A.B. asks: 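Structure in structure tokens, see below.
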Protein chains: 2
Amino acid sequence: MAEVKGGEALLFLTDEQLRQGIEAMFFAYRGFTADPDRILETMAYGRAHHRAIHFIARSPGTTVNNLLAILGVTKQSLNRVLRTLIEDGLVESRVGTRDKRERHLYLTEEGETLERKLSDAQRARMRAAFRAAGPDAVTGFRQVLEAMMDSDMRRRYHAIREAGT
Amino acid sequence: MAEVKGGEALLFLTDEQLRQGIEAMFFAYRGFTADPDRILETMAYGRAHHRAIHFIARSPGTTVNNLLAILGVTKQSLNRVLRTLIEDGLVESRVGTRDKRERHLYLTEEGETLERKLSDAQRARMRAAFRAAGPDAVTGFRQVLEAMMDSDMRRRYHAIREAGT
DNA sequence: TTGGAGTGTCAACAAAGCTGACTTAACCTG
DNA sequence: CAGGTTAAGTCAGCTTTGTTGACACTCCAA
């Protein structure tokens, strides 16, 4: 399994190093979601609502099915979240013109206001972390995260990146 | 996408870059938990059990209170999980010798077997990601994650690292 | 034009968080 | 040693967010 590269590739993959990586991931993810969670709990929303709002903002007009695949939940689970967001006037669902089975999702102005509030908080933390760690670290950070994704998630990740730019 | 290097530290923190960081974190965390989740769902356990088992394995003899703080859940929530693990003979709870109010937690042999199974799966993915990204990337990865933690979580992260080494 | 496949919705249920109130036992301090 | 504090565990009840099953509407191709 462990191929001896030069000599260096060995030490750096000890179980201890890997465990530290696992724990870093666990603790960092807690920080990553902490700020939006604080905002959300003052309203009747949770993390699931945040995720839906984020990806609708990122790909306006996306279909329910597409969102399903990105979020990796069942459609019933997403539907509940989506229904409250639509009822509360944060998300608009338009019947597809080409295919009337599809619903295309958009944020309303109110929805965009909340999205900005949530993503401002999350970006602020990400910005602070990036700044503290420096540009080279950020490159490495992204490389490792990308290598950690399942391949279909990696595809989606790139698809969104291209659309978003 | 192609950033102008000359302006360095400024351009590199565009909202688009930050959003990509956020999404990378989201997709990668999914991959990070996918393998253990698959194993756990064949038994009657969930992610909460995995977390408890991981940190008991990492700090044998830890107290309930300590675990509570590390996991960031309520006593009632942890207790439910811990109770099933003790009943099933994966975790042992010993009354403290110095302070008899405390319970010290240990994995039984059976518990260690499951722990190894879960952590093997997770480490395999982490190892693959580290190997694919390279040593410098791993350094950056850890720097950014550490900067993203809340300060008290960062303290705990270091405390465990020292104990585990 | 009809039957199968795709998209979305509703209902009911389960896992795992949460709060609040309480008990028991042990420790510690005045 | 009495009284307050701390560690752990428990009971009840709620919320969020996941699940499966059944169903309706739409499209498309045989």
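As a basis for the values below, the full set of heavy atoms in this structure was taken, side chains included, without hydrogen atoms, waters or symmetry mates. The chains referred to below are lettered A, B, ... by the order of the sequence lines, with proteins before strands, and numbering in each begins at 1. If you're wondering where the values come from, they're calculated on a predicted model, not measured in any experiment.
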A.B. asks: Where each residue is assigned the nucleotide of DNA chain D containing its nearest heavy atom, which of A/Ala44 and A/Arg103 is assigned the position nearer the 5′ end?
C.D. replies: A/Ala44
A.B. asks: Nearest to the A/Val73 side chain among D/dC27, D/dG18, C/dT9, which nucleotide is it?
C.D. replies: D/dG18
A.B. asks: Do the side chains of B/Asp150 and B/Arg156 get close enough for a salt bridge, i.e. N-O under 4.0 angstrom?
C.D. replies: no
A.B. asks: Measure CZ/A/Arg101 against P/D/dT26 and give the value in whole Å, please.
C.D. replies: 11 Å
A.B. asks: So, OP1 or OP2 of D/dT17: does either fall under 4.0 Å of a side-chain N or O from A/His49?
C.D. replies: yes
A.B. asks: Classify the nucleic acid contact of A/Lys75 as base, sugar-phosphate or nothing, counting any heavy atom under 4.0 Å across all strands shown.
C.D. replies: base
A.B. asks: Atom CD of A/Glu41 to atom P of D/dT17: distance rounded to whole Å?
C.D. replies: 12 Å
A.B. asks: Let me know the distance between CG of B/Leu105 and C1' of D/dG9, rounded to the nearest Å.
C.D. replies: 13 Å
A.B. asks: If only side-chain N and O atoms of A/Arg51 are considered, is one of them under 4.0 Å from the OP1 or OP2 phosphate oxygen of D/dG18?
C.D. replies: yes
A.B. asks: Please report the distance, rounded to the nearest Å, between CZ in A/Arg47 and C1' in D/dT17.
C.D. replies: 11 Å
A.B. asks: Using a 4.0 Å heavy-atom cut-off, does A/Gly72 contact any base of the nucleic acid, only the sugar-phosphate backbone, or nothing at all?
C.D. replies: nothing
A.B. asks: Which of these nucleotides, C/dG8, D/dT17, C/dG17, is closest to any side-chain atom of A/Asn65?
C.D. replies: C/dG8
A.B. asks: For B/Phe27 and A/Phe55, take the angle between the two ring planes, folded into 0 to 90°, and tell me which bin it lands in: parallel under 30, tilted 30 to 60, perpendicular over 60.
C.D. replies: tilted
A.B. asks: Run the salt-bridge test on A/Arg127 and A/Asp120 with the 4.0 Å N-O cut-off and return the result as yes or no.
C.D. replies: no
A.B. asks: Do B/Gln76 and D/dG13 share a donor-acceptor pair, side chain to base, under 3.5 Å?
C.D. replies: no
A.B. asks: Just to be sure I understand the geometry, which residues of residues 78-95 of chain A put a non-hydrogen atom under 4.0 Å away from DNA chain D?
C.D. replies: A/Arg80
A.B. asks: Taking only side-chain N and O atoms of B/Thr74, does any of them lie within less than 4.0 angstrom of OP1 or OP2 on C/dC18?
C.D. replies: yes
A.B. asks: Taking atom types as they are modelled, would you say the side chain of A/Glu102 forms a donor-acceptor pair with the base of C/dG6 within the 3.5 Å cutoff?
C.D. replies: no
A.B. asks: Nearest of C/dG17, D/dG9, D/dA7 to any side-chain atom of B/Ser77?
C.D. replies: C/dG17
A.B. asks: A/Ala48 has a side chain; which of D/dG9, C/dC18, D/dG18 sits nearest to it?
C.D. replies: D/dG18
A.B. asks: Testing the 3.5 Å rule here: is there a donor-acceptor pair between the side chains of A/His49 and A/Thr84?
C.D. replies: yes
A.B. asks: How close or far is atom C1' of C/dA14 from atom CG of B/Leu40, stated in whole angstroms?
C.D. replies: 16 Å
A.B. asks: In whole angstrom, what separates A/Leu67's CG from C/dG8's C1'?
C.D. replies: 13 Å
A.B. asks: B/Leu68 CG to D/dT6 C1': how many Å, rounded?
C.D. replies: 13 Å
A.B. asks: Do A/Glu23 and B/His54 get their side chains close enough for a donor-acceptor pair, meaning under 3.5 Å?
C.D. replies: yes
A.B. asks: Which nucleotide sits closest to the side chain of B/Asp99: D/dA7, C/dC27, D/dG18?
C.D. replies: C/dC27
A.B. asks: Any carboxylate oxygen within less than 4.0 angstrom of a Lys/Arg side-chain nitrogen, looking at B/Glu110 and B/Arg116?
C.D. replies: no
A.B. asks: Going by an N to O cut-off under 4.0 Å, is there a salt bridge joining A/Arg155 and A/Asp152?
C.D. replies: no
A.B. asks: Walk me through whether A/Phe26 and B/Phe32 qualify under ring pair (Phe, Tyr, Trp, His ring centres under 6.0 Å).
C.D. replies: CA-CA 9 Å; A/Phe26 172 73; B/Phe32 173 68; 8.4 Å; no
